[in-house]
Amino acid sequence: MSERTIVVVSAGLGRPSSTRLLADRLAGATVTELEARGVTATVETVELRDVAHEIVNTMLTGFATGALAEVMDKVTRADGLVAVTPIFTTTYSGLFKSFVDVIDKDALVGMPVLLGATGGTARHSLALEYSVRPLLTYLRADVATTSVFAATEDWAGETDTVNPLPNRIARAGRELAEMVAARENAGPADLYGDVPSFDQMFRNL
């Protein structure tokens with residue numbers, strides 16, 4: 001069986017949070033679908049609230065250190081990304097946007113990404129399409145067609161009878177799994193990969 005790594009980025013501010021809950025459900029659906037395709041998957045979850053101070057410091061200094069540097073490395077090396085944010089004032093949270101601002105502009109090129117969002121009412125669901133999706137598309141990520149918004153009533157059992165949350169999660173997980181199974185991340189480019197070794201330079205003298 002081949003292996004893949006799925007990194008989950010949750011921008012929820014509370015603990016526990018519905019944002020993290022949705023992120024876990026999306027990751028679980030993706031893993032299930034990958035296993036059905038003969039692919040084993042490791043899930044690594046990142047809560048941005050845990051590195052919020054480091055994100056601000058990086059915005060001020062231009063250099064990521066410590067735990068944030070490790071998070072950015074995980075994201076860059078992932079085979080697929082699940083990114084979930086709460087919706088505040090009709091758009092992604094400031095914490096989510098700040099994290100996107102500090103990662104390298106080429107870190108997500110071609111990366112399979114599944115988007116999710118949470119909010120108090122289903123009226124905010126379109127924010128995923130007019131706000132969050134364009135942000136990841138700008139970074140040239142390969143964003144799954146289906147994105148998942150979970151409103152408060154979805155968790156309260158007042159589910160959409162036409163397209164309930166579990167169905168949307170399953171479909172989104174299947175789409176991400178198909179994308180991840182078809183692609184293997186080679187990791188970040190080696191800046192010094194084309195630099196000849198000393199032995200090669202001496203042989204050319």
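As the structure is a computational prediction, the values presented were derived from the model and not from experiment.
Under the 4.5 Å side-chain criterion, counting only non-hydrogen atoms from C-beta, Leu68 is in contact with Thr58. In this structure, the side chains of Val143 and Leu115 come closer than 4.5 Å at one or more pairs of heavy atoms. With contacts defined as side-chain heavy-atom distances shorter than 4.5 Å, the pair Arg37/Arg174 qualifies. In this structure, Thr5 and Arg77 have side chains that are not in contact, with every pair of non-hydrogen atoms separated by 4.5 Å or more.
Glu129 and Ser147 form a side-chain donor-acceptor contact under 3.5 Å, judged by distance and modelled atom types alone. Side-chain contact check for Arg20 and Ser10: no donor-acceptor pair (N or O, by modelled atom type) lies under 3.5 Å.
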Worked verdict on Leu95 versus Leu13 for side-chain contact (heavy atoms from CB on, under 4.5 Å):
CA-CA 9 Å; Leu95 180 60; Leu13 301 182; 3.7 Å; yes
Show your reasoning for whether side-chain contact (heavy atoms from CB on, under 4.5 Å) applies to Val43 and Val8.
CA-CA 7 Å; Val43 176; Val8 178; 3.7 Å; yes
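Surrounding CZ of Arg123 are at most 12 heavy atoms belonging to other residues, nucleotides or ligands under 6.0 Å away.
Looking at every heavy atom in both residues, Leu114 comes nearest to Ala144 through CD1-CB, 4.3 Å. Heavy atoms only, all atoms of each residue included: Ala67 and Val51 are closest at CB-CG1, 3.9 Å. Residues Arg4 and Asp79 approach most closely at CA-OD2, 3.2 Å, considering heavy atoms. Considering all non-hydrogen atoms of both residues, Ile169 and Arg25 come closest at CG2-O, 3.6 Å. The nearest pair of heavy atoms linking Leu81 to Leu176 is O-CD2, 4.1 Å. For the residue pair Phe149 and Arg168, the shortest heavy atom distance occurs at O-NH1, 2.6 Å.
Between the side chain of Asp24 and the main chain of Leu21, no donor-acceptor pair closer than 3.5 Å is present. Without hydrogens or angle criteria, Thr30 side chain to Ala177 main chain gives no donor-acceptor distance under 3.5 Å. Counting only distance, with no hydrogens or angles, the side chain of Ser125 and the backbone of Ala122 share a donor-acceptor pair below 3.5 Å. At distances below 3.5 Å, not a single donor-acceptor pair connects side-chain atoms of Glu3 with backbone N or O atoms of Val39.
With respect to the salt-bridge test (charged N to carboxylate O, under 4.0 angstrom), the residues Lys74 and Glu70 do not qualify. Salt-bridge formation is not detected for the pair Asp142/Arg183: no Lys NZ or Arg NE/NH1/NH2 atom is positioned less than 4.0 Å from an Asp or Glu carboxylate oxygen.
Residue Tyr130 shares its hydrophobic cluster (ILVMFWY side chains chained together at separations under 4.5 Å) with Leu126.
None of Leu22, Thr19, Leu48, Val132 except one satisfies the side-chain contact (heavy atoms from CB on, under 4.5 Å) rule with Thr85; the exception is Val132.
Criterion: ILVMFWY side-chain heavy atoms under 4.5 Å apart, direct or through other members. Under it, Val82 and Val31 are part of a common hydrophobic cluster.
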